[in-house]
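Structure record follows, encoded as structure tokens.
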Protein chains: 2
Amino acid sequence: MLDALAARACCATAQDLADELRGERGRVGIASIYRALELLVRLGLVRRLDMGDGTARFEAAQPGGEHHHHLVCDRCGRVSQFEDPHLEEAIERAAARVDHRIEAHDVVLRGTCPDCTAAT
Amino acid sequence: MLDALAARACCATAQDLADELRGERGRVGIASIYRALELLVRLGLVRRLDMGDGTARFEAAQPGGEHHHHLVCDRCGRVSQFEDPHLEEAIERAAARVDHRIEAHDVVLRGTCPDCTAAT
DNA sequence: GTACTTGCAAATACTTTGCAGGTAT
DNA sequence: ATACCTGCAAAGTATTTGCAAGTAC
């Protein structure tokens, strides 16, 4: 049940998840959402990420260490995703060069999405 | 005056800035900090960034488009910075490949800092 | 005086916590 | 009955906004 909520498209806010679950089952407290998410994050099944809009977003962790990064539209705020093995590799190398023991990384690209560019 | 507050080491929270300014001048409202920061961000002199701890951080933008990225310690929460031209280049290439018009990017590496590794 | 900035306090998120009631074992 | 999970409501943070007072021109 808890995994089911995380197994959706791309990153969702706690509110998104609450709305979706309220459609499927009856009453769902927002607190339960946060509690479940906290657990899942601790288990490494869900990643929590911030994209500068003050609200946390959550997304299911890919099984094979596989993961994507995010594009945020400055205009409409929409978040989409992309993958780039070459970038991934460059990050690995950068991570090896610093004196921290790196375990994870986040990349966010900000700009204007095609829709908003067209709507100008 | 406003620039002076942004011209500090690495990223600072609004609260940090308020504390610092209260030491220099007398009373400073937290609201003024946010108002000044909002203005500076809009002017492109300050960058706002989130590192997943729910509180926004601010840092002065480097003049020459020069910029660094961040390392966050999972243990102590300390934030440090690093630069990597090679990574920078890889990001540029990735940005060119997506269909958004990219104007900025953030990279955060998470892991354990040397101090915390030693303290284990 | 007019226009702009300021600090305080109230308002608004978003997230976490306390608690009483319900479910499962 | 015990232990756990839930929803609601209250508490806690971080940030924004309204407003009266202060400053600059």
Side-chain angles (χ1 to χ4, degrees), chain A residues 1-8 10-60 70 72 74-79 106 108 110, chain B residues 1-8 10-61 70 72 74 76-79 106 108 110:
Chain A
M1 185 268 279
L2 299 180
D3 287 67
L5 70 90
R8 54 204 318 285
C10 183
C11 43
T13 66
Q15 196 58 57
D16 290 341
L17 294 170
D19 292 345
E20 179 161 325
L21 282 181
R22 287 200 180 109
E24 297 179 4
R25 328 169 22 192
R27 342 204 96 286
V28 178
I30 191 78
S32 303
I33 304 288
Y34 282 109
R35 278 188 282 236
L37 287 171
E38 185 203 339
L39 174 64
L40 291 171
V41 167
R42 218 168 41 226
L43 293 176
L45 299 176
V46 167
R47 302 208 327 134
R48 175 197 195 126
L49 25 94
D50 276 287
M51 352 228 58
D53 66 339
T55 50
R57 285 161 182 278
F58 301 86
E59 75 180 8
H70 296 93
V72 181
D74 288 339
R75 295 279 198 107
C76 63
R78 200 98 59 92
V79 177
D106 290 318
V108 176
R110 298 172 190 290
Chain B
M1 188 268 278
L2 300 181
D3 288 68
L5 69 92
R8 53 205 317 285
C10 185
C11 43
T13 65
Q15 197 58 57
D16 290 342
L17 294 170
D19 292 345
E20 179 162 324
L21 283 180
R22 286 198 179 111
E24 296 178 5
R25 329 171 19 192
R27 341 202 97 289
V28 178
I30 193 75
S32 303
I33 304 286
Y34 282 109
R35 277 188 282 235
L37 286 172
E38 185 202 339
L39 174 63
L40 291 171
V41 167
R42 219 169 39 228
L43 293 176
L45 299 176
V46 168
R47 303 210 323 135
R48 173 195 196 128
L49 26 94
D50 277 285
M51 352 227 60
D53 66 340
T55 51
R57 286 163 182 277
F58 300 87
E59 76 180 9
H70 296 92
V72 181
D74 287 339
C76 64
R78 200 98 58 91
V79 177
D106 291 318
V108 176
R110 301 173 189 288

Between C:dT16 atom P and A:Arg42 atom CZ, what is the distance in whole Å? 12 Å
Can you list the residues that meet the side chain to side chain contact (heavy atoms under 4.5 Å, CB included) rule with [X], with sequence neighbours excluded?
X       : value
B:Arg22 : B:Gln15, B:Ala18, B:Asp19, B:Val28
A:Arg42 : A:Glu38, A:Leu39
A:Ala12 : A:Arg8, A:Asp16, A:Leu17

Under the side chain to side chain donor-acceptor pair (under 3.5 Å) rule, collect the residues that match up with B:Asp53, sequence neighbours excluded. B:Thr55
What residues, two or more places apart in sequence or in another chain, satisfy side chain to side chain donor-acceptor pair (under 3.5 Å) together with A:Asp50?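 Per chain and number, A:Asp50 pairs via side chain to side chain donor-acceptor pair (under 3.5 Å) with no residue.
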Report, as a single string ordered 5' to 3', how protein heavy atoms within less than 4.0 Å touch nucleotides 7-21 of chain D: B base, S sugar-phosphate only, - not at all. BB-----SSBBBB--
